[in-house]
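For ligands, and for the atoms within them, numbers begin at 1 and follow the listed sequence. Along the sequence shown, residues are numbered consecutively beginning with 1.
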Amino acid sequence: MFTTVFPSSQANLPIDLFAAIAQLKQELNAVVLAHYYQDPDIQDVADYLGDSLGLSQQAAQTNADVIVFAGVHFMAETAKILNPDKLVLLPDLAAGCSLADSCPPAAFADFKRQYPDHLVISYINCSAEIKAMSDIICTSANAVKIVNQIPADQPIIFAPDRNLGRYVIQQTGRDMVLWQGSCMVHETFSEKKMVQLKMRYPEAETIAHPECETAVLRHASYIGSTTALLKYVQQSQSQSFIVATEPGIIHQMQKAVPNKQFIPAPPVNNCACNECPHMRLNTLEKLYLCMKHRTPEITLPEATRLAALQPIQRMLEMSV
Ligand code: 13P
Ligand code: SF4
């Protein structure tokens, strides 16, 4: 962990943000939940770090009065749906998700009307309105497990990620109707550059998140959620890995197995667009300020919250 020092806007004094956040956690009885795609210094102050499933499970069982969610909006919103009486803070309210945005509620309602007999399974990367229109929520960690629990004669709509949907179809043999949404980060990986990288590092094992396109997943020897990828690099005999997901996860991989080598999968352009621009809106400074001022807070209409709660609870029950 390195120490970030910045001048306090109020007292004009330098503040050790790590110490200040630790103190605020105590004062507020707050828990900091963070996703692996957050900046490394945010990962280092988190009380719990995990994938979307682990984070919702933590949110469902925390005794804290305040949940500080270092992640994107749909994640903090899920925590609020599970904890209507707690204060749920998101360091930057603009931290959205391109995948969630690719499924607007009105358009999805029209789509759903075309398939009245279908069960709706939605990936957690969607808005509360989409969750409210769904029967079961899933994450990348449990999508296959959940679809496998649905009777074979029950037709399914899977939304909003077409890439995860295709992967689940391939793993389960189920013929699901897919909403054509996608994640801008996971669709940025270049298959051509990945093949070049594999030639340059012939010993490296390629691992990928199922939000990647089929062409990229074809090159992976292991596919899983961020937590599953992190566990896999610790168990595998391989000493080097090409990692096809947001590179924030590499911070934990390096901490877990410092002697192994992790090579981020390359984006199409020579840019940093394999970093999620939404996740990276959160900074340690914003995390501190949101705790200090107890804002921005996640709120949502009670009717939407109640409708969205049921499919999340079904997911939690079906994941044990
Ligand atoms: P997981 O947290 O399920 O690995 O998914 C990653 C992701 O895309 C979060 O936006
Ligand atoms: Fe959304 Fe993709 Fe960012 Fe995850 S990585 S928060 S799916 S835009």
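- Under a 4.0 Å N-O distance rule, the pair Glu302/Arg305 qualifies as a salt bridge.
- For the pair Ser225 and ligand 1, the shortest N or O to N or O distance does not fall below 3.5 Å.
- Side-chain atoms of His186 and Asp161 form no donor-acceptor pair, as typed in the model, at a separation below 3.5 Å.
- Residue Asp51 has at least one heavy-atom neighbour below 4.0 Å for each of these atoms of ligand 1: 1 (P), 2 (O), 4 (O).
- Ion pairing between Arg218 and Glu213 fails under the 4.0 Å rule for side-chain N and carboxylate O.
- Looking at every heavy atom in both residues, Leu93 comes nearest to Glu297 through CD1-O, 4.3 Å.
- Residue contacts with ligand 1 include Tyr37, since one of its heavy atoms falls under 4.0 Å from the ligand.
- Interface atoms of ligand 1 facing Thr226, defined by a heavy-atom separation under 4.0 Å, are 1 (P), 2 (O), 4 (O).
- Judged by distance alone, the side chain of Thr188 and the main-chain N or O of Pro267 form no donor-acceptor pair under 3.5 Å.
- Ile81 pairs in a side chain to side chain contact (heavy atoms under 4.5 Å, CB included) with only one of the listed residues (Leu300, Ile137, Ile298), which is Leu300.
- At under 3.5 Å, not a single nitrogen or oxygen of Thr139, backbone or side chain, sits near a nitrogen or oxygen of ligand 1.
- A salt bridge is defined here as a Lys NZ or Arg NE, NH1 or NH2 lying under 4.0 Å from an Asp or Glu carboxylate O, and Asp44 with Lys255 meets this definition.
- There is a side-chain donor-acceptor pair under 3.5 Å between Asn282 and Gln38.
- Among all non-hydrogen protein atoms, the one lying nearest atom 8 (O) of ligand 1 is Glu211 OE2, 2.6 Å.
- Under the 4.0 angstrom criterion for non-hydrogen atoms, Met75 is in contact with ligand 1.
- Side chains of Gln313 and Glu317: a donor-acceptor N/O pair is absent below 3.5 angstrom, by distance only.
- Listed by chain and number, the protein N, O or S atoms at a distance under 2.8 Å from atom 3 (Fe) of ligand 2 are Cys276 SG.
- Ligand-side atoms of ligand 1 in range of Tyr123: 5 (O), range being under 4.0 angstrom from any heavy atom.
- Under a 4.0 Å criterion applied to the non-hydrogen atoms of Ser140, ligand 1 contributes the atoms 1 (P), 3 (O), 4 (O), 5 (O).
- Residue-to-ligand polar distances place His209 within reach of ligand 1: an N/O pair is separated by less than 3.5 Å.
- The contact set between ligand 2 and Glu211, taken as ligand atoms under 4.0 Å from a residue heavy atom, comprises 2 (Fe), 7 (S).
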Pairs under 3.5 angstrom only: tabulate donor-acceptor contacts from the side chains of residues 237-244 to other protein residues two or more places apart or in another chain.
unit_1: Ser238; atom_1: OG; unit_2: Glu205; atom_2: OE1; d: 2.6
unit_1: Ser238; atom_1: OG; unit_2: Ser236; atom_2: OG; d: 3.3
unit_1: Gln239; atom_1: NE2; unit_2: Gln237; atom_2: O; d: 3.3

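- Look at Arg280 and Asp39 and you find a salt bridge, because one of the NZ, NE, NH1 or NH2 atoms lies within 4.0 Å of a carboxylate O, short of that distance.
- Checked against Cys103 for a side chain to side chain contact (heavy atoms under 4.5 Å, CB included), the options Trp179, Tyr123, Phe111 give a single hit: Trp179.
- In this structure, a donor-acceptor pair under 3.5 Å is present between the side chains of Asp51 and Ser225.
- Atom numbering of ligand 1 starts at 1 in the shown order; those under 4.0 Å from a heavy atom of Ser52 are 1 (P), 2 (O), 3 (O), 5 (O).
- Ligand 1 places these atoms under 4.0 Å from at least one heavy atom of His35: 1 (P), 2 (O), 6 (C), 9 (C).
- The protein heavy-atom contact nearest to atom 10 (O) of ligand 1 is Asn125 ND2, 3.2 Å.
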